[in-house]
Amino acid sequence: MKKVLLLIITLTLIAFYFSSISAEKPGQAFRADYDGLAMTPPMGWYPWNTFGQEPQNEKLIKEMVEALISSGMREAGYLYVGPDEGICYYRASDGKLTTNLERYPSGLRGLGDYIHQRGLKYALYTDAGTLTCSKAMPGTKGHEFEDMRQFAEWRTDYLKIDWCNTKGQDIVQTYTLLNEAQRAAGRPLVHSLCSWGVGEPWKWAAAVGHLWRTTGDICEPGKADWNSAMKIVFANEKLYEYAGPGHWNDPDMMIVGMPGLSEAQNRSLFSLWCMMAAPLIAGNDLRQMSESTRQILTNIEVIAIDQDPLGIQGHIIRQEGQVSIWGQKKLFDGSQAVLIFNQNNSPSQVTISWDELGFSRAASLYVRDLWKHQTTGPITRGLSVTVPPNDVIMLRLSRSKDFPLPPIISADTYLISLHSKSSKPEKLSASLTIHNAGKVDLPLWKVHGPLPPWLFVKITKKGNNQIITNQINTAGLSPGYYHTIVRLDNTEPISKRPMSAFYYEVELEVK
Ligand code: GLA
């Protein structure tokens with residue numbers, strides 16, 4: 001009897017341990033299980049917060065693409081970029097979505113190809129109702145399958161689906177149908193639900209999408225609103241149990257770097273988003289970003305908290321007046337992130353103790369200040385800090401002196417385009433490079449599933465990078481156009497968690 005009791009206690013403890021390191025509930029279905037997408041919160045740039053509908057056009061998006069690259073944001077993991085609501089397509093008389101060529105002269109497919117060639121991923125916007133919010137563009141209602149085929153043809157990688165003009169529609173059925181339509185279209189795609197918390201998507205949407213807005217809009221276009229951002233933070237915080245790899249609470253695009261915000265507010269907002277494992281979609285004008293904003297948005301040690309492979313959303317563990325202490329953000333290497341947010345107009349002294357974070361009081365911990373980039377310690381019991389007014393202190397605590405950064409992946413291109421010169425059999429080759437801004441050395445990426453017979457993929461290491469060589473043999477191919485999407489998989493070596501699948505495309509024209 002004693003043995004059985006001991007076994008039950010041990011099993012309960014093991015189950016408790018695993019449930020505490022992962023937000024996933026047994027038996028829950030996740031869309032990310034089959035597409036491997038967004039295993040860490042998606043990062044990118046979207047135009048809405050700064051521009052609204054005007055002037056969204058091809059030139060603007062391409063300028064942002066270049067700014068993402070030159071600012072170092074691409075290498076820091078910001079990948080998804082494209083138009084939000086901004087009349088980029090209309091519905092033609094045959095029912096098909098068609099590019100608004102006045103604004104997008106290369107066509108929406110041409111813009112997608114440009115974005116992919118520049119090593120970024122393509123984001124587009126639509127609505128689940130009859131029309132988009134401003135009623136300027138068509139929604140998908142009644143056209144779900146053909147529209148998702150069109151988004152696939154445009155080579156969309158990320159689709160935000162709004163919830164305007166949906167009178168009489170059942171929200172679960174609608175987004176479920178859109179998920180089926182996306183799967184039928186055959187292109188892997190990050191599905192971003194945007195119902196502003198309507199229908200409590202955190203309770204059901206992980207099966208049909210990868211992220212869902214939890215609240216209303218963070219601001220009117222062009223008008224950063226700090227108070228509205230704070231309301232969003234404290235509403236989103238409460239939903240921490242629902243987030244995890246492949247399924248995220250989305251408190252909206254960021255307002256970091258928009259006019260009217262102080263440096264301390266920018267730092268605070270960014271830290272809060274990272275502590276909440278929120279999608280990091282920048283919304284500022286990247287072409288005119290100050291150096292301070294650039295440094296905040298590319299602080300890799302803070303991004304590492306957001307992009308941690310365990311995918312845990314941190315939350316408030318103690319509130320003292322206008323000071324909130326955020327914790328329970330366990331990280332892949334056994335360390336933890338802590339955020340102290342002071343909303344007072346004066347400095348606040350705060351003491352945190354190791355036991356309130358789940359460490360033992362006697363634990364000897366190294367303390368890394370993620371904004372000052374300094375390590376102190378080892379320290380036992382706890383520590384006292386003074387947080388400047390309306391600012392944060394963000395720390396990472398570890399038993400070890402090392403603070404490894406998890407993998408943060410980018411690539412120099414996502415589209416390999418090759419053309420044969422004649423009808424004679426030819427051997428063609430082109431490579432792409434996968435960078436890892438993290439400090440963990442990755443195993444080799446592995447090809448998932450069969451490749452077409454004309455393509456052979458070889459993967460080699462070069463320092464921290466991996467080179468993906470694509471070898472093509474046109475022997476036996478009749479003239480025409482060939483296209484395939486290659487999926488590569490990997491596992492983070494310390495926590496052993498699967499990483500977001502790496503997809504890229506190879507197209508070939510045979511004469
Ligand atoms: C909604 C969304 C915003 C933006 C606008 C476009 O309000 O929540 O993020 O996409 O629609 O009209």
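Order of appearance sets the numbers: ligands from 1, and atoms from 1 within every ligand. This is a predicted model, so every value here is computed, not measured.
- Within 4.0 Å of ligand 1, contacts by protein heavy atoms are made from Trp48, Asp84, Glu85, Tyr125, Cys133, Lys160, Asp162, Cys194, Trp196, Arg213, Asp217, Met253.
- Below 30°, between 30° and 60°, or above 60°: for His116 and Tyr122 the angle between ring planes is above 60°, a perpendicular geometry.
- Checked for salt-bridge contact, Arg118 and Asp113 miss the test: no charged N lies under 4.0 Å from a carboxylate O.
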Which pairs would a plain distance check flag for residues 219-235, meaning a side-chain donor or acceptor within less than 3.5 Å of a matching protein atom at least two apart in sequence or in another chain?
from	atom 1	to	atom 2	distance (Å)
Asp225	OD1	Asn227	N	3.1
Asp225	OD1	Ser228	N	3.1
Ser228	OG	Ile218	O	2.6

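- Salt-bridge formation is detected for the pair Arg318/Glu320: a Lys NZ or Arg NE/NH1/NH2 atom is positioned less than 4.0 Å from an Asp or Glu carboxylate oxygen.
- Screening residues 93-146 for disulfide (SG to SG under 2.5 Å), with sequence neighbours left out, gives Cys133-Cys164.
- Applying the salt bridge (Lys or Arg N to Asp or Glu O under 4.0 Å) rule to Glu291 yields the partners Arg294; only residues at least two apart in sequence or on another chain are considered.
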